[in-house]
Amino acid sequence: MQQRKTNVVAVTIAIYVATFMSAIEGTIVSTALPTIVGDLHGVALMNWVFSIYLLTNAMMTPIYGKLTDLVGRKPVMQAGLIIFIIGSMMSGLSDSMPVLIFWRAIQGIGAGALMPVSMTIIADIYSFERRAKVLGFNSSAWGIASVLAPLIGGLIVDKLSWHWIFFINVPVGLITLFLFQFYLREPKRHNHVKVDYLGSFWLMLFLLGLMLSFQLLGNATISWGTVIMAWVVSALSLWLFVRREQRTDEPVISMDLFKNHTFVIQNAVAALVSGFLMAVEVYIPTWTQGILGVPASLAGFAVTPSSLMWIVGSFVTGRLLAKWAPRRILFLSLCFILVTSVCLALLPVSTPFLWFFLITAIGGIGFGITITATTVTSQHLVSADNVGVATSFNTLSRTIGQTLMISIFGIALNVGMNQGIAQHAGTNMAMMNKLINPKTATSLLKDLLPTLHGILYTGLHWVYWIGLVLVILAFIVNAMDRGPQLTAAQHAEKLNKSKHEF
């Protein structure tokens with residue numbers, strides 16, 4: 001009997017829904033977090049609601065990537081969705097902050113499969129020519145989520161309760177699970193799967209130590225002893241992981257990937273650009289609320305053009321990949337991002353709100369080209385047996401870049417504001433906390449507002465000067481790609497030729 005073919009439309013819808021769940025998760029939870037903290041009396045632990053989710057998500061991403069290549073995309077996506085649904089349901093049922101944090105960790109473990117496996121499936125069911133366009137369409141989920149998440153989050157908290165922030169994932173997740181179950185068809189993989197458990201353990205311990213250390217660096221009071229211990233554990237685990245991968249028959253991440261210079265460059269640039277993306281998405285709303293006094297409901301729209309133009313950049317990438325080499329594509333995309341970074345580093349304190357729409361729109365084109373190009377190129381630089389690993393490594397690189405830089409940016413902002421407070425008598429950090437929230441800013445003395453605006457402006461410029469350095473580093477790293485400058489299509493043709501010759 002002939003095997004049924006994959007229903008490409010239904011699977012694409014499932015991928016889109018899975019991406020949308022990933023995109024909306026962080027923003028919708030942040031909208032409800034003040035209510036959650038007030039209800040569960042856990043202000044001291046509130047950062048861990050986000051941190052633990054990011055930690056477990058990042059730790060599992062490369063493991064899922066390897067499993068997709070070993071046992072198939074469908075079972076790994078189904079397992080991830082089931083864990084995510086259970087974590088969401090139990091998070092909604094939580095009655096204390098420690099319990100909520102535990103189930104958010106489980107939710108993050110499941111979420112680690114959603115993005116990398118989705119992009120791997122896109123690589124399977126779409127030709128090279130159409131893949132960038134589909135990735136662009138899929139990226140629109142992030143743009144829509146950036147607009148809808150604050151509205152949906154506020155509506156759920158006001159009309160229902162914060163518990164439904166998590167419960168809503170259950171029916172959506174089940175529908176997605178159904179679509180993958182009945183409409184995705186793929187050939188059977190290895191019957192006898194060898195999972196490198198020891199290598200997986202060392203990799204997860206390395207990522208846990210690395211990301212936990214940067215989470216701790218973002219705290220108001222830094223425990224340097226704990227941070228240094230985390231770095232030592234991370235470095236030792238990395239050494240043990242590399243040693244293990246060089247000796248095992250079925251490595252979690254093949255060390256051969258790093259022999260490909262272009263692959264390493266592409267993922268390094270993706271990490272740097274993703275780090276700068278945090279400066280745009282997190283700190284522009286802080287600028288518009290704290291300095292311009294824009295309400296929180298409108299401040300988030302300042303970065304919406306970035307998400308929308310990201311889609312345009314992704315569509316453009318489809319044409320560029322067929323004609324241009326990876327280094328040239330990234331040079332173009334980084335030029336757009338450089339314009340955004342220079343503008344943000346040099347903007348005066350009196351910059352009107354509407355200027356941010358133009359600045360983030362320009363950056364969005366660059367982000368769309370960079371992330372789409374690095375994803376598709378990473379997939380094409382490896383054999384079909386390693387597409388899942390390459391895709392998950394690209395996702396992991398971006399996650400590490402974001403986590404690392406959000407901590408560094410937080411430190412830079414605090415140092416900048418503390419210096420400003422030290423130079424202006426009668427100001428303190430409590431005033432700065434009030435200033436950032438337009439609702440509480442009205443309680444501050446009007447005579448102090450220009451001074452406080454200047455202090456916040458100084459702190460934000462520390463963030464954006466560091467962001468500019470990141471973009472310049474990305475240019476330098478990209479220029480170091482001295483490998484054969486082939487288009488992605490030529491790389492794929494070369495791999496197929498080598499496979500046939502072998």
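All values below were derived from every heavy atom in this structure, side-chain atoms included, with hydrogens, water molecules and symmetry-related copies excluded. Just so we're clear, the structure is a prediction, and the values are computed from it rather than from any experiment.
Side-chain contact between Leu330 and Ile369 is absent, with no heavy atoms from C-beta onward closer than 4.5 Å. Using a 4.5 Å heavy-atom cutoff, the side chains of Leu240 and Arg244 are not in contact. Leu81 has its side chain within reach of Met21: a pair of non-hydrogen atoms, C-beta onward, lies under 4.5 Å apart. When side chains are defined from C-beta on, Cys335 counts as touching Phe475, because their heavy atoms get closer than 4.5 Å. Counting heavy atoms from C-beta outward, Ser213 and Val233 have side chains that stay 4.5 Å or more apart. Two residues are said to be in side-chain contact when any heavy atoms from C-beta on lie closer than 4.5 Å; Phe102 and Pro98 fail this criterion. Contact annotation: the side chain of Ser341 approaches that of Phe276 to within less than 4.5 Å [non-hydrogen atoms, C-beta and beyond]. Using a 4.5 Å heavy-atom cutoff, the side chains of Leu332 and Ile329 are not in contact.
Annotation: the span from Trp224 atom CH2 to Trp231 atom CH2 amounts to 5.5 Å, rounded to 0.5 Å. We find the CG-OG1 distance between Asp124 and Thr6 to be 8.5 Å, quoted to the nearest 0.5 Å. The distance from the CG atom of Asn267 to the CG atom of Asn394 is 5.0 Å, given to the nearest 0.5 Å. The CG atom of Leu346 lies 8.0 Å from the CG atom of Leu468; values are rounded to the nearest 0.5 Å. Interatomic distance, CD of Gln266 versus CG of Asp481, reported as 7.0 Å (0.5 Å rounding). The distance from atom CD1 of Ile359 to atom OG of Ser306, rounded to the nearest 0.5 Å, is 12.0 Å.
Trp202 and Ser237 make their closest contact through O-CB, 3.6 Å (heavy atoms, listed as atom of the first residue, atom of the second, distance). The shortest non-hydrogen separation linking Thr377 to Pro326 is CG2-CG, 3.8 Å. Taking all atoms of both residues into account, the shortest heavy-atom contact from Gln379 to Met119 is NE2-O, 3.2 Å. Of all non-hydrogen atoms in Gln402 and Ser274, the two that sit nearest each other are CG-O, 3.4 Å. Considering every non-hydrogen atom in both Ile337 and Gly363, the closest pair reads CG1-O, 4.2 Å. Of all the heavy atoms in Gly209 and Ser234, the pair that sits closest is C-CB, 4.0 Å.
Panel note: side chain Tyr126, backbone Val134; no donor-acceptor pair is recorded below 3.5 Å. Of the possible polar contacts, none joining the Thr391 side chain to the Thr120 backbone as a donor-acceptor pair under 3.5 Å is found. Between the side chain of Asn7 and the main chain of Tyr183, no donor-acceptor pair closer than 3.5 Å is present. A donor-acceptor distance shorter than 3.5 angstrom exists from the side chain of Thr360 to the backbone of Ala302, with no hydrogens or angles considered. Between the side chain of Arg185 and the backbone N or O of Phe182, at least one donor-acceptor pair lies under 3.5 Å. The main-chain N or O of Met480 is found under 3.5 Å from a side-chain atom of His261 such that the two form a donor-acceptor pair. Side-chain atoms of Tyr464 do not come within 3.5 Å of backbone N or O of Leu347 as any donor-acceptor pair. In terms of modelled atom types and a separation under 3.5 Å, the side chain of Gln107 and the main chain of Ile83 share no donor-acceptor contact. In this structure, Ser378 contributes its side chain and Thr374 its backbone to a donor-acceptor pair below 3.5 Å. Judged by distance alone, with hydrogens and angles left aside, the side-chain atoms of Thr68 form no donor-acceptor pair with the main-chain N or O of Arg73 at under 3.5 Å.
Taking the six-membered ring for Trp and the full ring otherwise, the centers of Phe367 and Phe336 sit at least 6.0 Å from each other. The aromatic ring centres of Phe258 and Phe393 sit less than 6.0 Å apart.
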Audit row: Ile265, Val477, side-chain contact (heavy atoms from CB on, under 4.5 Å) steps and yes/no = CA-CA 6 Å; Ile265 295 293; Val477 170; 3.9 Å; yes
I would like to know whether Ile175 and Val17 meet side-chain contact (heavy atoms from CB on, under 4.5 Å); could you show each step before the answer?
-> CA-CA 9 Å; Ile175 291 170; Val17 174; over 6 Å; no
Steps toward side-chain contact (heavy atoms from CB on, under 4.5 Å) verdict (Ile106, Trp103) | CA-CA 5 Å; Ile106 302 300; Trp103 288 113; 3.7 Å; yes
Kindly determine whether Met77 and Tyr64 satisfy side-chain contact (heavy atoms from CB on, under 4.5 Å), including the steps that lead there.
-> CA-CA 9 Å; Met77 176 60 90; Tyr64 285 128; over 6 Å; no
Show me the side-chain donor-acceptor pairs of residues 315-322 shorter than 3.5 Å, one per line, residues at least two apart or across chains.
| from | atom 1 | to | atom 2 | distance (Å) |
| --- | --- | --- | --- | --- |
| Thr317 | OG1 | Gly313 | O | 2.6 |

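Checked against ring-ring contact (aromatic ring centres under 6.0 Å, His included), Trp287 has the following partners two or more places apart in sequence or in another chain: Phe356, Tyr457, His461.
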